[in-house]
Amino acid sequence: MFFNSLLTNFAALEVGQHLYWQIGNIRLHGQVFLTSWILLGALLVFISLGTKKMENDPKGLQNLLEFLWDYIRDLARTQIGEKVYRDWMPFIGTLFLFVFVSNWGGALIPWRLIKLPSGELGAPTADINTTIALALLVSLSYFYAGLSNKGWRYFEYYVHPTPIMLPFKILEDFTKPLSLSFRLFGNILADELVVGVLVFLVPLILPIPVMFLGLFTSAIQALIFATLAAYYIGEAVEEHH
Amino acid sequence: MLAFNFFGATEGGLFDINATLPLMAIQVVALTYILNSLFFKPVGNVVEKREKFVSNNITEAKNKLSEVKKLEADLMTQLQSARSEAQRIVGEAENESDKLYKEALELANNEANASKEKARLEIESQTSAARDQLSKQADDLSELIVNRLILEK
């Protein structure tokens, strides 16, 4: 009896429910776009405020943005290398900011208070569509980076250092986006579920450490995603001698 | 119930992949361009301009420092030569004054000796003159005494 009611209540967490938008004959997950627009809007407002009056002696927000820029540059430079990191820094930085803002936005803002007809608002990165989209963009990017930098010699990478590596390297092209997307999706969704279940079971105090752990995981996942994306691009443009 | 919802086959479910995916990809690409023009370019320009400014200043300061060191070494050699020159001049002056002093001393000694000699000679001549006179007077006196004595007899 108790178990049954527990299950129904778990269903009240509405796992896997979506707010569907129908445009023509395509269907979209509305809650993902709603939260991503709110969060990206906030990010863009924050950035426009910080870059409105750029000075040589940075003040206030500009300091923070410069720190962020420096952090992203270091990340891109160490992974991609001195030669081409400039071209890819905006992409890596956008991935980092998007994932970070989505994760933290999902964890920090009490979305649950806003009632939707179906599904619930949450981190956009807790939706598999978002993470696959990001991972496929990374795949396209490293192919493009390799081909545009080295031309057809990019495919030497597949037989480097020996042709025995060929099947593994081909397999890697599939496992890279798979692991990227599922790692992010799994971590963020698991965090949301754990917090949701704990809040449901013990509404006081106990969820707080888990929420902090969630914030930590969210930040780490953003860093991991951006670092791996940069690493894949760096691997593709690296010259073998 | 729960398990059903998790992997719900046709409608909903966690792995419900639909047009959200490509639209999200387009949104992220658009965001990349927006962030590039709003954030990465302007902030990068400011930061790199400042880094250039700082590194320029550092090289300039290094150049100036080496120039200063060169000038300092130059001044040190100049100071050294001036010092030795001064020492030489002082030594020369000392020698000169020494020589002058000796000359003056010798001159004075000579003069003193000469006047001493002259005085001695004068004293001698006067002494002998006085002695002659005295002896002459003694002679006269003795003659006078002799004459008186003879007369009394």
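Convention: sequence-line order gives letters A, B, ...; per-chain numbering from 1.
- The CG atom of A:Asp191 lies 5.5 Å from the OG atom of A:Ser218; values are rounded to the nearest 0.5 Å.
- With a threshold of 4.5 angstrom between heavy atoms, B:Leu35 approaches chain A through side-chain atoms but not through N, CA, C or O.
- Residues A:Leu116 and A:Gly119 come closest through the heavy atom pair CB-O, 3.7 Å.
- With rounding to the nearest 0.5 angstrom, the CG atom of A:Leu75 is 12.5 Å from the OH atom of A:Tyr85.
- Taking the centre of each ring, A:Tyr71 and A:Phe96 come in below the 6.0 Å mark.
- Not one N or O on the side chain of A:Asn187 forms a donor-acceptor pair closer than 3.5 Å with the backbone of A:Thr217.
- With a 4.5 angstrom heavy-atom cutoff, B:Ile26 does not touch chain A via any of its atoms.
- Ion pairing of B:Lys64 with B:Glu67 is absent here, as no side-chain N (NZ or NE/NH1/NH2) approaches a carboxylate O to less than 4.0 Å.
- In terms of heavy-atom pairs under 4.5 angstrom with chain A, the leader among B:Phe53, B:Phe40, B:Tyr33 is B:Phe40.
- Here the CG atom belonging to B:Leu149 is positioned 11.0 Å from the OG atom belonging to B:Ser142, to the nearest 0.5 angstrom.
- Atom CD of B:Gln137 and atom CG of B:Asp132 lie 11.5 Å apart (nearest 0.5 Å).
- Contacts between A:Phe46 and chain B at a heavy-atom distance below 4.5 Å are absent for every atom of the residue.
- Taking chain B as the reference chain and counting heavy-atom pairs below 4.5 Å, the highest number among A:Trp21, A:Trp69, A:Phe185 is found for A:Trp69.
- Contacts of A:Leu97 with chain B are made by side-chain atoms alone, with heavy-atom separations under 4.5 Å and no backbone atom involved.
- Residue contact with chain B, scored on non-hydrogen atoms closer than 4.5 Å, involves the backbone and the side chain of A:Thr130 alike.
- For a residue to count as touching a neighbouring chain, one of its non-hydrogen atoms must lie under 4.5 Å from one of that chain's; by this rule A:Leu140 does not touch chain B.
- Among B:Glu51, B:Lys49, B:Lys41, the residue making the largest number of heavy-atom pairs under 4.5 Å with chain A is B:Glu51.
- Each of A:Phe33, A:Trp37, A:Phe91 has some count of heavy-atom pairs under 4.5 Å with chain B, and the biggest count is that of A:Phe33.
- Residue with the most contacts toward chain B among A:Glu66, A:Met54, A:Glu55: A:Glu66 (heavy-atom pairs, distance under 4.5 Å).
- Taking the ring centre of A:Tyr142 as origin, the terminal cationic atom of A:Lys176 falls inside the region bounded by 6.0 Å and 45° from the ring axis.
- For A:Leu65, the parts sitting under 4.5 Å from any heavy atom of chain B are the backbone and the side chain alike.
- At a 4.5 Å heavy-atom cutoff, the contact between A:Leu134 and chain B is made by side-chain atoms alone.
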